[in-house]
Structures are given as structure tokens and as C-alpha cells.
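Single-structure report; data block below.
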Amino acid sequence: MNSETTDCIRAELVRAARDLGAPPAIDPVLERPRDPAHGEWATNLAMTLARPLQRKPREIAQQLVERLDVTSCGVTHVEIAGPGFINFRLDPAHTARGLAVILRAGERYGHSEEGAGRQVNIEFVSANPTGPLHVGHGRQAALGDAIASLLEATGWTVSREFYYNDAGVQITNLALSVIARMRELAGEPADIPEGGYHGEYIREIAERFVATRGGHARAVLASGDVGSGGALFEEIRRFAVAELRAEQDRDLQAFGVRFDTYFLESSLYTDGRVDDTVRALGATGRTYEHEGALWLRTTEFSDDKDRVMRKRDGTYTYFVPDVAYHVTKWDRGFHRAINVQGADHHSTVTRVRAGLQALDMDIPPRYPEYVLHQMVTVMRAGEEVKISKRAGSYVTVRDLVDWVGRDAVRYFFLMRRGDSQLVFDVDLARTQSEENPVYYIQMAHARMSGIFRVGGIDPASIDPGTSVDTLVEPEEQALIKRLLDFPAIISGAAEALEPQRVATYLHDTAGEVHLWYHKHHVLNEPAPIMNARLVLARAAQIVLRNGLAILGITAPERM
RNA sequence: GCGCCAGUAGCUCAGGUGGAUAGAGCAACAGCCUUCUAAGCUGUGGGUCGGAGGUUCGAGUCCUCCCUGGCGCGCCA
């Protein structure tokens, strides 16, 4: 097994280094040399010991090598190179035997128990029900869902959460916008309020509401009080929120994302959580009245200015329910919480954390964690599509899925780091669908599956104990090493909360798979070779499938 | 003005938490289908890693300053 090999070499390095009088706390780093000619593993230990031992790196390397006994680790050659690297070359057969681990683990290969079952809450999308999900939400959905899967794969108990405002000013504006469209249907001028919503979907909601009443718009409007807070107004508000929530759910379903919890902001008011939070903050003595408003000294917690909690008009700023909401996460047992949001929300990071710190609840200072992604710009017909709720100009998540398919949308959103800006060229993604990188990866998987299909062999029946000592071709060795790196990739991506590492890894791995497939035949080869290659094909299939699963992308058997 | 993020090949971007000669796809050019899928493979060309200093055995990666772009900076959410 891969980690057995590295652990073995590492232990020997530690022993040898202590022999040389190195400080007891050494943790040698083993890494894959960029150039395969340098062997399977390399360490820079001699260079890092140069300072404490007051000797030249190459001299230390020489003395380390003289003391090493790594033949039992599968190492056949040890050499010193460059400024003092120690390179290890493994017995190819020993390397190939690592494939057995992949076959035995199957769909759990790459998974680990690092999280030890601890609970983590991942909040993402969290769109207010005032319109359809746009491309920014799409990026968040892809990112959040992949991060959730990464943490699940590394042993965390994950809860996916969607938080939404169902009662604030924006929702009032939503209801007023619908009412304005109803007036328009009644032949009056549509008087959309300041901060209202202009999109076509508002008109459709107005039409549907009128239809549920079975009358004319004019008659429906006359049937009750449509002033803010009136009975009919409330009914329209609830109707509009329900319609838009249902539409968002359809979008998410089309994208293949499921949430465990939908958390309503309004519940924080109705169950008294907001008032409790205000009281608790007041009790710490960190609040004060100024110009008729209630403030919190967030500057005590590295905010650049104090924040208003209660406005002069007596209502709370969004900051208060935000803090109350995160207290519920903590109280619900999530001692780790991750928020996936657009970078335009970055100013809330310090504020929310400061609010939580001010409560003296022993919540860690960096709770919650944030994954902020940069904006998505959509290019269409050669020009940028401005996304504006006001103007109702939209590219929705569903549009993207319809145009290029769920798998491609997910991959495009995940193939690059969240903190770089993303240009989603719709026309390109559409016309390019045949040479899309996601197909390149899926094709590699389909080809592995094809070997078993054509051979009439059940892939699950491959015996992990099959001899693989014949897998010594360069393409085979390169592919095997890559497949054995998979657990480390997953672990690193989960720790860094960076799914794009998996995407990059899968693309590179697919390249190795295609190359091997092209150069070496599996079926109808002499039995020892065919059987060994079937093990490799099975291992590649497992890794590609497991990796794609984490990204939320399907692994087709044929294409 | 202040804060956060970015700047790497013609284009779009990778470059574990400092390592050896900075990579991939697309685009361009030249090849490869009797054999498990040519949605693939092979080869060629292409770089002042935005700029300048610094840290050290070693910097695309860390620090400082500057330039450019995006996003924030409200008793809006």
C-alpha cells in the first residue's frame, strides 16, 4: 500500500537522522519528484537538517543514506541528487501490488476516517426567494455540494443547509412587485416600487395568483386589503414565496443538489432567538446607545467599526439574525460550520465572527469558516450578460443545465479555484460540448468499463490477489502511481476545501488512462498479462468513478 | 482613501502547506483508425510566472512596496 511504503521509508529516515544527532522532532517529507527519472519518492530531509547540524546538505545526505535500510519498504535504489535530495526508486512489482488495496476498498477507495464522524454544517446557495437561481448560485451549488462530498469522504458527518430570508424588506418588495403586476393585468399602470423586482417571472406569478382565484385581476385586487400587512397582501406574499421556493427547488433538482435543512430566517424571530441574542449581547456590556440606535462594539474583535444592531426605527439590522442564526448552528451541535458564499459577502465574515465572539460562548474565533468564490460573468453571443434582478435579465442555473448538461456545468464550476473569477462562455460551452474536458474524463471511465463489457467479465469479480508483477511498462507504472495518489488528493482537497484539486487530478489521470489504453491491449493477451491488466483497468475504473462521484458527476459505462 | 481576491503560453486555466528543467486543455501545424470506443493517441512551436526589492541552501509559492482588474466599505440584505 502506498502509505505503508511512505511510512516505512519515513520511519527509516527518522531513525537514521537521530543517529546523526538530529533534533528528535523531525517529520521527513516525502514527495513525488516532478521528473519520474528521479524515482518514485524523494525527500529534502538532508537540506532541512543542514542548518541544525551545521553541515553541508550533500554530506548529510551521504551519511543518511549509509544508515538507511529500506529494502523491506520495497526500495531498490537510493541516490543523492541535486543540492541534496535523496531519491528512492521502488521495485515495480512492489508498486503494482498496491493495486490490490484499490480493488479491496472499491467504492470506498480514497475515503478516510479523518473526520471521525464529527458533525459539520455546510451552508450554501441560501438564495432569497425573490427570483430564480442565477449562475452565481450555480457556482455555489457546485462548490458547496462538492465540499460536502469531500468532507463526507473523509469521515465527517455532513449536513447541507439552505438559509433563506422569508420575511424581510426584500420579501415585502417581492409582494409589492407582484401586486403591481396584478394592477397591470387589471389595466392599470404597473407601479413597481423602489427596490422591487422587474423580471418576467413576477408577471407569471401574478397571473398564477389571479388564476387560483378564478376571477379577473381587478376583482381579485378588490377582494381584500393589499396594503402592506393587509390580509390579501399577506396571502400574496406567501404565494409568491412558495412559488419561487418551488422554482428554486426545481432548479436545484435539475442540478442534482439536495439539502438536509432549509432554515427560515423568520423562525429566528418567532422563536425568540433574535431577542435572546440581543439580550445576551447586552449582558456582556458591549452594547451602547448612540443617536437613537443600539450598537455593538465589534471593534473589540478586529472589526474596523462598530455595528448597529437595532436601527432608530426599532427594527434590527440583518447582522443580528445572522449572529442568532450562527448561534443555532453551534447549539445544534455543529462545532464546525462552513459557509459558501459569493465574495461580495466578504464584509460579513469579520462581523459575524465578531458577533459570536462578543457572546463569550467559547466559540472559536474562526467560526464559521468561509469559502468565498469570485463572481461569474456570463458571455453570450460574444458579449457579457449583465445579471440584474431589477432588470430581470438572467441566466439561470436551469438555463445552463439545459444548454450544456448537468455534468458539464458542474465540472466547469469546479475545475478552477473558487477565488479566481470565472468567465462562463455559454456559446463556447455549448458548441464545445464534444471536446469538453468532462467528457474526456467520462470517456476514460467508459473505456475501462468497455473492456469488461466486451470481455464479458464482471468487473466486481476481479480478484485483488491476482499477480500484477507483469505491470512494468512505463505507462502502467505511471498510471499505477497516480491511482495510488488518489487518497492523498482527496485528503488534501478536503482539508483545503478545494474541489478543483480533484478535478485537476481526474483530468490528469484520464490522460494517463487514455495513453495506457492506446498503447497496451488488455483482452486476448497471454493470461498472466491480461489478468494483471484487468486489475489495472478495474483500479482505474474505481478511481475515476469515486472521484467523479465526489464532484457530483456521473460515470457512464458507455458513451 | 481603506479592506478582501486575483494577475502564469495567443486564449481559458492548473501549479498539496517553499524544492530539481513551470504544466494541461483550447487554438496552430504535422502524423495515427483490420485490433477492448478516433469523444482517443503521438509529435512540433509557444513563458521576463504583472513590476521592483527582500527572506534562504532554494521563491510562481512567503514578506514589503508599486501597477492593473474584480468585489466590498449603509441605521440595505
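Labels below follow one simple rule: chain letters A, B, ... track the order of the sequence lines, proteins then strands, and each chain is numbered from 1.
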Taking only side-chain N and O atoms of A:R417, does any of them lie within less than 4.0 angstrom of OP1 or OP2 on B:rA6? yes

RNA chain B: A:H346 or A:L523, which has the more 5' nearest nucleotide? A:H346

Going by ring centres under 5.5 Å and near-parallel planes (under 30°), is A:F85 stacked on B:rG19? no

Would the base of B:rG72 count as contacting A:H345 through its side chain, where contact means a donor and an acceptor less than 3.5 Å apart? no

For B:rG19, does OP1 or OP2 lie under 4.0 Å from any side-chain N or O of A:R32? no

Is A:R558 touching bases, backbone alone, or none of the nucleic acid, heavy atoms closer than 4.0 Å? base

On the side chain of A:Y318, is there an atom forming a donor-acceptor pair with the base of B:rA77 - under 3.5 Å, no angle test? yes

Paired to B:rC41 by Watson-Crick or G-U wobble criteria (both distances under 3.5 Å) is B:rG31

For A:V423, which contact category applies under a 4.0 Å heavy-atom criterion: base, sugar-phosphate, or nothing? sugar-phosphate

Establish, yes or no, whether a centroid distance under 6.0 Å links the rings of A:F162 and A:F263. no

Sub-3.5 Å pairs of nitrogen or oxygen atoms, protein against nucleotides 58-63 of chain B:
none

More than 12 foreign heavy atoms under 6.0 Å from CD of A:E495: is that the case here? no

Counting Watson-Crick and G-U wobble pairs only, both distances under 3.5 Å, name the nucleotide matched with B:rC11, or none. B:rG25

Between A:Y505 and B:rG15, does any side-chain N or O lie under 4.0 Å from OP1 or OP2? no

When you check the phosphate oxygens OP1 and OP2 of B:rA77, does a side-chain N or O of A:K311 lie under 4.0 Å from one of them? yes

For this output row, return yes or no: ring centroids of A:H507 and A:Y440 closer than 6.0 angstrom. yes

Identify whether any heavy atom of A:H445 sits under 4.0 Å from a base atom; if not, whether one sits that close to sugar-phosphate; answer base, sugar-phosphate or nothing. nothing

Looking at B:rC13, I'd like to know if its phosphate oxygens (OP1 or OP2) sit under 4.0 Å from a side-chain N or O belonging to A:R416. yes

For B:rG19, does either OP1 or OP2 sit under 4.0 Å from a side-chain N or O belonging to A:T43? no

Cationic N near anionic O, under 4.0 Å, A:R545 to A:E557: yes

B:rG69 phosphate, OP1 or OP2, under 4.0 Å from A:Q374 side-chain N/O: no

